[in-house]
Amino acid sequence: MTSDTQYIEVAVALPVYRTFTYFVPEPFRGFLAPGKRVLAPFGRRRVTGYVFGQSPRPEDKELKPILDVLDDRPLFPPAMVPFFKWIADYYKYPIGEVIKNALPGGLNVYDYALLTITEKGSTALRHGQPPPVAQKVLAPLAAGPCRLNSLIKKIDQKIPGTLLYQLEQSGWITRKWKLGGASTKARLERFVRLADSDLPLDHLSKPRQKILEILQTEKEMAVKVLKETVPTAAALIKPLESAGYLTIENKRVYRDPFGESIKPDTPPQLNAEQHQAVSRACDYLDKGYHPFLLNGVTGSGKTEVYMQVAAAALEKGRFVLVLVPEIALITQMERRFRARFGECVSVLHSGLSVGERYDQWTRILQGDATVAVGARSAIFAPFDNLGLIIVDEEHDSSYKQEGQLRYNARDLAVVRAKQNACLVILGSATPSMQTYYNVTTKKFTELTLTQRVEQRDLPEIRIVDLRLSRDARGIRRFIAPELQAAIKETLERGEQVLLFLNRRGYASFPVCGACGQPMRCKHCDISLTLHQRSNAYRCHYCGYSRAATSSCDICGSTKIKHLGLGTEKLEDLLTPLFSQARIARMDRDTTTRKGSILKLLKGLKDKTIDILVGTQMVAKGHDYPNITLVGIICADLSLSFPDFRAGERTFQLLAQVAGRAGRGDRSGRVFLQTYNPEHFCISAARNQDFKAFYQQELSFRQALGYPPFSRMIQLKISGKDPHKTEKHAQILGDHCRALKASHLPHYRSVEIMGPIEASLTRIAGRYRWQILLKGSDTGALHQFINQLTAHSHTAFTHRRVQVAIDVDPVFLM
Ligand code: ADP
Ligand code: ZN
Ligand code: ZN
């Protein structure tokens with residue numbers, strides 16, 4: 001955009017799908033850039049809009065002028081404009097709302113500019129070089145940096161943006177954007193370094209001499225560290241500084257997420273497979289778009305491959321984005337990247353405060369951070385020159401956002417890489433069907449790591465048939481004797497045990513002992529779970545809870561049987577069996593408070609936990625070398641879900657949990673308890689045989705025409721009134737069929753399934769219906785939905801019944 005740009009393309013923050021062209025009045029020209037916000041008239045309203053770029057001169061009509069420019073500097077780089085457009089188009093979401101979703105919350109509220117005069121500016125001012133208007137602005141700055149607002153008050157005069165721009169261009173001032181109010185303070189620590197090594201030492205006291213001796217070998221040292229050798233150091237450094245021996249400086253330090261300072265590391269010697277993977281990926285750096293699958297067994301050192309390719313990208317002056325499926329794993333990835341790359345690493349996730357997130361965003365935008373590690377939403381990190389995007393544990397369904405903008409960050413990573421002409425590496429030990437299919441169809445290049453690092457063995461996995469596991473009285477046992485014995489042995493050796501059960505709470509299936517009726521949620525069509533620790537029955541879908549003393553709704557009996565095993569009950573069962581062991585539990589209930597996940601992980605690391613019981617939170621990517629035994633309490637829980645991906649998820653989960661065992665010097669063992677020992681998901685997981693699983697699953701998908709052989713779009717219809725909702729679903733279904741019938745043969749490949757009632761018929765008081773659109777021709781499928789939303793516009797904007805469009809749905813129930 002140039003200073004004479006007259007027409008701009010703007011995405012307004014309203015639920016509309018296209019962008020608009022506005023006229024730029026003279027005074028605003030030269031201040032506009034893609035990524036800045038403007039105030040613009042829209043109908044009779046004034047709305048915020050995001051500038052996308054220059055527009056060609058429109059043919060006929062008089063265009064409305066923008067009213068104001070709201071930002072001094074862009075909120076996102078121009079490279080992201082096509083990305084936002086792609087998302088809006090593909091996920092059928094209003095473009096302005098896409099951007100709103102992408103930007104960190106609170107971005108707009110507080111930012112202010114801090115102006116600082118430079119050396120050059122001070123000199124120029126002293127010599128009276130700047131023109132009078134400029135001098136008026138520079139003069140107050142000589143006393144120190146000043147906020148723009150206070151400066152305006154001081155000189156009692158408006159400062160035109162053009163003037164600030166000129167001052168900046170002349171190198172007389174610098175502008176920094178800060179966050180007002182809840183700002184985040186950098187952590188500062190005092191460091192000392194030797195100033196003059198030729199000064200005589202002999203007349204100094206012993207401790208002072210000691211300090212200087214240390215500094216002679218260590219270039220620089222934190223006072224905190226110095227105090228470990230010379231306890232009185234804090235008091236001694238000041239006089240030493242005055243005497244010219246050393247200098248003291250406050251420096252920003254980084255702590256690891258555990259609060260310990262991070263020691264820089266050096267890259268290890270890669271093994272042959274890692275080396276091969278790194279060099280093959282690096283061959284494509286700077287050669288445009290290239291997608292890879294890094295298919296490496298658990299513990300094969302994928303992170304090391306990521307880091308070395310990242311180093312190569314950084315060396316070429318390009319930036320690196322690393323996605324991890326959840327916050328607990330960011331911690332681990334962040335620590336390793338910080339140790340390798342230091343201060344240029346930023347983190348982005350929902351656990352950060354608004355201020356922290358803003359800071360991180362700004363660091364990326366200004367090029368201070370060249371690497372970003374983050375969860376799903378970090379796919380929107382405002383890099384303008386990406387060289388590499390990494391998606392770790394790419395199979396993980398947490399990359400899919402449910403609700404609002406329903407995107408999949410894994411898929412968007414590939415799109416962004418294509419648009420930025422850069423590399424993308426999807427990594428996993430259990431690749432998704434979709435990704436591996438892309439390998440077999442030559443869309444992706446596969447890099448493989450078949451061995452664990454340092455020739456460590458994959459854990460030995462034993463299947464335990466739960467059908468046979470009963471005690472003497474014939475009562476089912478949740479922990480089979482062989483697993484119990486193995487836990488005992490492991491604890492005796494001082495090693496750690498991980499027990500996995502994908503169900504939290506105490507009892508997941510409370511049933512009336514008198515009439516047999518399950519305890520159900522008032523708002524959802526689902527069983528309540530008893531949470532004994534909090535003395536309540538809870539619904540896991542809407543949060544509804546009732547007292548643990550409640551009686552049966554049907555017959556009033558208070559004799560409730562607590563069937564169904566949850567992590568709480570498991571913990572209780574273990575306590576008497578292993579009374580010496582320190583047992584901890586990691587699930588959503590124990591990790592609601594900020595920092596609680598970190599505390600648990602630290603417990604594992606510091607070996608203050610002997611047995612960790614947990615849900616799928618423990619399954620993902622963690623690397624704790626002292627865990628040598630993993631027990632999978634019931635492998636079948638996710639197998640029976642009414643979802644075509646149930647098998648894929650079960651296989652991934654089991655293989656991942658198993659992969660937590662034996663990552664250190666000692667080999668690991670896994671006990672997999674199941675009621676379906678013959679099921680191919682279970683046996684493939686047992687053999688850690690991804691290819692076997694893939695082949696079988698693929699033929700099942702092909703037979704039924706499921707992804708990856710087709711794409712899906714789900715219409716999620718929900719409302720408070722069961723009849724209205726059902727009727728609306730039927731009407732929408734009729735629209736779909738009519739549209740297809742009127743455009744044959746073009747839409748022949750589009751299959752319309754439903755409307756049907758969802759498997760979870762009611763959540764949080766809303767009745768749920770679904771229509772599934774499926775097609776082998778992606779283009780036709782998308783055209784179909786575009787045409788449907790345009791033709792049946794009112795069906796999508798009904799007051800009482802909501803219709804959400806879920807493109808490439810993951811949660812189908
Ligand atoms: P993955 O993500 O593939 O499960 P990680 O990247 O967590 O595996 O690596 C497992 C462990 O092996 C880590 O502790 C890592 O530091 C270590 N490691 C990785 N590569 C090497 C190597 N070439 N030599 C020695 N240790 C390595
Ligand atoms: Zn009853
Ligand atoms: Zn509920």
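Values below: all heavy atoms of this structure, side chains included; hydrogens, waters and symmetry mates excluded. Counting starts at 1 for both ligands and their atoms, following the listed order.
Every atom of ligand 1 is numbered from 1 in the order shown, and the set under 4.0 Å from a heavy atom of T298 is 4 (O). Close contacts between ligand 1 and G299 involve ligand atoms 1 (P), 3 (O), 4 (O), 8 (O) [criterion: under 4.0 Å to a heavy atom]. Interface of Q269 with ligand 1, defined as ligand atoms under 4.0 Å from a residue heavy atom, comprises 22 (C), 23 (N), 24 (N). Against a heavy-atom cut-off of under 4.0 Å, L270 is close to the following atoms of ligand 1: 23 (N).
Protein N/O/S atoms found under 2.8 Å from the Zn ion (ligand 3), listed by chain and residue number: C521 SG, C524 SG, C539 SG, C542 SG. Counting only protein atoms, the N, O or S atoms lying less than 2.8 Å from the Zn ion (ligand 2) are C512 SG, C515 SG, C552 SG, C555 SG, ordered by chain and residue number.
Separation of the F444 and Y436 ring centroids does not fall under the 6.0 Å cut-off. H728 and H723 have their aromatic ring centers separated by at least 6.0 angstrom.
For ligand 1, the polar-atom distance check against R663 finds a nitrogen or oxygen pair separated by under 3.5 Å. The shortest N/O to N/O separation between E454 and ligand 1 does not fall below 3.5 Å. In terms of polar-atom proximity, R456 is not counted as a contact of ligand 1, lacking any N or O under 3.5 Å from an N or O of the ligand. Checked by distance only, ligand 1 and S300 come closer than 3.5 Å through their nitrogen or oxygen atoms. Annotation: G301 places an N or O atom under 3.5 Å from an N or O atom of ligand 1; distance criterion only.
Ligand 1 lies nowhere less than 4.0 angstrom from a heavy atom belonging to R452. Residue-ligand proximity: R336 is placed with a non-hydrogen atom under 4.0 Å from ligand 1. Residue G296 places no heavy atom under 4.0 Å from ligand 1.
Looking at R493 and T490, their side chains come closer than 4.5 Å, going by heavy atoms from C-beta outward. Contact check for Y544 versus L528: side-chain heavy atoms found under the 4.5 Å cut-off.
Taking a cutoff of 4.0 Å between a charged side-chain nitrogen and a carboxylate oxygen, E304 and R340 qualify as a salt bridge. Using a 4.0 Å cut-off between a side-chain N of Lys or Arg and a carboxylate O of Asp or Glu, R669 and E460 do not qualify as a salt bridge. Ionic pairing of R768 and E757 is not present here: no N-O contact between side-chain nitrogen and carboxylate oxygen is shorter than 4.0 angstrom.
Although no hydrogens or angles enter the test, the distance criterion places no donor-acceptor pair under 3.5 Å between the side chain of R585 and the main chain of T590. Under the 3.5 Å distance criterion, the side-chain polar atoms of S550 are left unmatched by any main-chain donor or acceptor of R546. The backbone N or O of L294 lies less than 3.5 Å from no partner atom in the side chain of E446, so there is not a single donor-acceptor pair. Judged purely by atom type and a 3.5 angstrom limit, R336 has no side-chain atom pairing as donor or acceptor with the backbone of Q332. Side chain of Q770 to backbone of L715: no donor-acceptor contact under 3.5 angstrom is found. Checked by atom type and distance alone, the side chain of Q802 never pairs as donor or acceptor with a backbone atom of I717 at under 3.5 Å.
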(request) Please step through side chain to side chain contact (heavy atoms under 4.5 Å, CB included) for the pair L637 and R503, ending with a clear verdict. (result) CA-CA 8 Å; L637 289 179; R503 198 166 265 172; 3.6 Å; yes
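The two residues M813 and A758 have their closest heavy-atom pair at O-CB, 3.6 Å.
Residue T303 touches ligand 1 through backbone and side chain together, judged by heavy-atom distances below 4.0 Å.
Counted by atom type alone, Y767 and D721 present zero donor-acceptor pairs between their side chains at under 3.5 Å.
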